[in-house]
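Structure record follows, encoded as structure tokens.
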Amino acid sequence: MFVDRVIIEVQAGRGGDGCCSFRRERYIPRGGPDGGNGGNGGSIIISAESDVDNLSAIAHRKHWRANNGKPGQGSNKHGRSAQDMILRVPPGTIIIDEEHDFVLKDLTEIGETVNAAKGGKGGRGNTHFKSSTNRAPRQTTQGEEGEHRRLILELKSIADVGLVGKPNAGKSTLLSRLSRARPEIAAYPFTTKHPNLGRVTIDLDRSFVIADIPGLIEGAHAGVGLGHEFLKHIQRSGVLVHLVEPEPIDGTDPMENYRSIRAELMQYDEELGSRPEIVCVTKAELPAAEEFHQKLSSELDRDPLLISAVTGQGLNQLTSAIFELLKATSVKQD
Ligand SMILES: Nc1nc2c(ncn2[C@@H]2O[C@H](COP(=O)(O)OP(=O)(O)O)[C@@H](O)[C@H]2O)c(=O)[nH]1
Ligand SMILES: [Mg+2]
């Protein structure tokens with residue numbers, strides 16, 4: 001199951017109370033205060049980890065609660081602090097405070113963490129209050145309450161490149177050919193039910209991540225088909241690769257298909273629709289491919305590529321073009 005949005009409640013642990021105690025030993029009258037401090041409550045830490053790819057492990061539970069700190073004891077024994085609870089999420093997870101409607105943290109990097117609910121501090125034992133003027137204090141403090149929050153966790157995948165195109169255009173096949181990702185592939189629409197990420201390695205120091213999302217169809221922005229919700233997984237991609245198949249099995253016009261995906265992107269988010277785009281005519285070995293490639297060339301101001309995931313035609317050209325464009329767009333951002 002692929003989950004990219006969950007609402008949970010997190011409750012940090014309470015701090016342990018400070019202890020009130022006096023040393024009582026034979027031959028030592030009025031031995032003085034010896035109550036220890038309470039331990040700290042556990043915090044709820046959310047951490048972006050490379051081996052997690054969606055939020056399903058978090059979705060099975062609504063309440064996440066860290067343990068309380070232990071109270072202090074006599075003989076100046078401090079209570080033990082509770083361990084923090086760590087929730088592991090994929091990089092790209094945005095942590096939102098639901099009640100107050102603000103972003104607590106956008107965990108974009110692997111290894112980044114946020115303390116989503118701080119554990120309560122332990123209370124002071126009466127030893128702490130000992131002074132020259134008060135040698136037998138009875139005063140202690142209680143442990144603090146742990147923080148409580150309602151959180152929305154929303155995953156917007158981190159991928160350099162987003163693949164777009166009609167269902168059946170060949171997106172998943174291309175991803176599996178270029179990377180080690182193994183998305184589902186079949187000759188019917190909507191085989192891909194959730195986004196897949198794959199890293200494409202050109203050589204030792206040149207690589208990038210591609211996201212394959214379920215196919216768009218016209219009206220996706222209005223909730224038709226698999227809907228636009230998956231578009232958020234390419235919203236952070238600097239470059240789009242738009243695949244168009246030359247001979248759609250459903251008999252649709254490939255040129256119309258190209259235009260409708262463009263319109264769909266613009267309607268969802270103009271900024272996304274304006275990202276640099278590499279257009280590819282797929283399935284190059286099919287008879288109609290050449291002719292459609294020519295036709296599309298005259299329509300666009302930049303030449304589309306002609307590729308085949310079956311024969312490998314144009315794939316090196318595509319990965320180099322992607323890399324160059326990524327380099328150019330990241331320079332512009334700096
Ligand atoms: N002839 C040919 N068929 C392809 C090529 N790439 C993908 N296909 C086929 O097109 C169909 C849809 O591919 P898929 O990758 O699932 O498309 P997606 O819906 O865009 O992800 C499958 O039957 C693939 O085998 C290609 O380069 N040449
Ligand atoms: Mg697919």
Side-chain angles (χ1 to χ4, degrees), residues 1-2 4 53-54 157 159 161-200 209-221 224-234 237 239-265 268 272 277-296 304-322:
M1 195 180 46
F2 180 89
D4 57 10
D53 67 1
N54 76 87
S157 299
V161 181
L163 286 182
V164 295
K166 289 270 173 178
N168 221 53
K171 300 179 295 295
S172 302
T173 310
L174 179 67
L175 181 74
S176 68
R177 180 80 199 235
L178 295 180
S179 76
R180 283 157 67 180
R182 289 292 167 263
E184 288 162 80
I185 294 167
Y188 51 86
F190 304 119
T191 326
T192 308
K193 299 281 194 307
H194 59 77
N196 294 290
L197 301 190
R199 179 170 288 279
V200 180
V209 174
I210 295 195
D212 165 33
I213 56 171
L216 294 179
I217 59 164
E218 222 168 324
H221 71 277
V224 180
L226 277 177
H228 68 273
E229 63 181 297
F230 292 111
L231 280 170
K232 71 184 180 196
H233 291 288
I234 59 167
S237 303
V239 167
L240 301 181
V241 172
H242 184 161
L243 304 189
V244 195
E245 65 169 332
E247 282 180 45
I249 40 170
D250 60 1
T252 49
D253 174 25
M255 192 65 85
E256 274 312 305
N257 291 345
Y258 170 76
R259 292 193 192 113
S260 74
I261 292 287
R262 290 298 322 155
E264 209 43 62
L265 288 171
Y268 176 73
L272 178 66
E277 179 192 57
I278 297 175
V279 182
C280 296
V281 174
T282 57
K283 314 190 185 182
E285 80 290 354
L286 296 186
E290 277 304 329
E291 196 192 320
F292 175 62
H293 179 249
Q294 299 253 316
K295 210 169 141 195
L296 193 58
L305 299 176
L306 185 54
I307 64 168
S308 169
V310 170
T311 67
Q313 179 184 337
L315 297 186
N316 287 339
Q317 210 186 337
L318 172 61
T319 49
S320 319
I322 292 173

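Each ligand, and each atom within it, is numbered from 1 in the order the structure gives.
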* Charged N to carboxylate O under 4.0 angstrom, K232 versus D4? -> yes

* To do: Indicate whether any N or O donor in one side chain lies under 3.5 Å from an N or O acceptor in the other, for T311 and E285.
  => no

* To do: Kindly confirm or rule out an N or O of L174 lying under 3.5 angstrom from an N or O of ligand 1.
  => no

* For L197 and S157, run side chain to side chain contact (heavy atoms under 4.5 Å, CB included): C-alpha distance rounded to whole Å, both residues' side-chain angles, the deciding distance at 0.1 Å, then the answer. => CA-CA 8 Å; L197 301 190; S157 299; 4.1 Å; yes

* Taking N or O atoms only and a 3.5 Å limit, does P167 qualify as a polar contact for ligand 1? -> no

* Which is it for E245 and ligand 1 at heavy atoms under 4.0 Å: side chain, backbone, both or neither? -> neither

* Option set K171, E285, Q313, E247, criterion heavy-atom distance to atom 2 (C) of ligand 1, minimum -> E285

* Structure fact -> Those residues at least two apart in sequence (or on a different chain) that pass salt bridge (Lys or Arg N to Asp or Glu O under 4.0 Å) with R199 are none

* Would you say T282 contacts ligand 1, with heavy atoms under 4.0 Å as the rule? -> no

* To do: Please work out which of the three classes, parallel, tilted or perpendicular, describes the rings of F2 and H233, given edges at 30° and 60°.
  => perpendicular

* To do: Measure the distances from the heavy atoms of G165 to every atom of ligand 1 and state whether one is below 4.0 angstrom.
  => no

* Asked: Is any N or O atom of L286, backbone or side chain, closer than 3.5 Å to an N or O atom of ligand 1?
  -> no

* With side chains defined as the heavy atoms from C-beta onward, is the minimum distance between H293 and P246 less than 4.5 Å? -> no

* Structure fact -> One finds that the ligand 1 atoms under 4.0 Å from a non-hydrogen atom of G170 are 7 (C), 13 (O), 14 (P), 15 (O), 17 (O), 18 (P), 20 (O)

* **the Mg ion (ligand 2) to nearest N/O/S of N168 below 2.8 Å** => no

* Any residue meeting side-chain hydrogen bond (donor to acceptor under 3.5 Å, both in side chains) with D53, in chain and number order, not counting sequence neighbours -> none

* Closest to atom 26 (C) of ligand 1 among L315, V310, I213 (heavy-atom distance) -> V310

* Decide yes or no on side chain to side chain contact (heavy atoms under 4.5 Å, CB included) for L240 and L265, but give the supporting numbers first. => CA-CA 11 Å; L240 301 181; L265 288 171; 3.9 Å; yes

* **From V164, I249, T173 - option closest to atom 6 (N) of ligand 1 by heavy atom** => T173

